[in-house]
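Read through the structure below, which is laid out as structure tokens, and then see the notes.
Both ligands and their constituent atoms are indexed starting at 1 by order of listing. Note that these values count all heavy atoms, side chains included, but never hydrogens, waters or copies made by symmetry.
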Amino acid sequence: MDVLTPAQRRLNMSRIRARDTKPELVLRRGLHAAGLRFRLCVPELPGKPDLVFPRYRAVILVHGCFWHGHDCPLFRLPATRTDFWNTKIRGNRERDDKVVVALLHSGWRVLIVWECCFKGPSRRPVEEVIQLCRSFVLGTAQEAVLMGRRRATPTLP
Ligand SMILES: [Zn+2]
């Protein structure tokens, strides 16, 4: 039974929204606000992409930098059980590659968005990430990757 009044429910929802900064949710909210409509985690597609844009034949996969072994400031192999993590993360990466190939073969355009776009020293402004994702969805590129900004290598004077 639903015991919340609509006003209470709205209040709860706004609290949830204000608190939730997970990359997928930030992305979903931003792209929705930008006028794009999508489906979530379509189970019949390889890899259950996080966001599916049927109208544009595009999908977005959001990758956590640790679990997917991104070469970036957010990833560090744990000092303990190193072999276990190495094997685990390598397995994840191999699966990621297969998923992308399967999606491309079925005519989907694939954008991978790495977590370091949103978090850590190389993060980008959220509006920029949303804009770049939107351009991909509306565009014609078959495949693209969006990651945090790399800092330029400092040059010695
Ligand atoms: Zn990363």
Please determine whether the number of non-hydrogen atoms from other residues, nucleotides or ligands lying under 6.0 Å from atom CZ of Arg37 exceeds 12. yes
Shortest non-hydrogen contact between His70 and Phe75, atoms and distance: O-CB, 2.9 Å
Please indicate whether Asp97 has more than 12 foreign heavy atoms, meaning atoms of other residues, nucleotides or ligands, lying under 6.0 Å from its CG. yes
Can you confirm whether Val110 sits close enough to Gln142 that some side-chain heavy atom of one is under 4.5 Å from a side-chain heavy atom of the other? no
Which residue pairs pass the ring-ring contact (aromatic ring centres under 6.0 Å, His included) test when at least one of the two sits in residues 85-105, sequence neighbours left out? Phe66-Trp85, Trp67-Trp85
Is the count of non-hydrogen atoms from other residues, nucleotides or ligands lying under 6.0 Å from Arg57 atom CZ greater than 12? yes
Could you enumerate the protein N, O or S atoms under 2.8 Å from the Zn ion (ligand 1), written like residue then atom name? Cys65 SG, His70 ND1, Cys72 SG, Cys116 SG
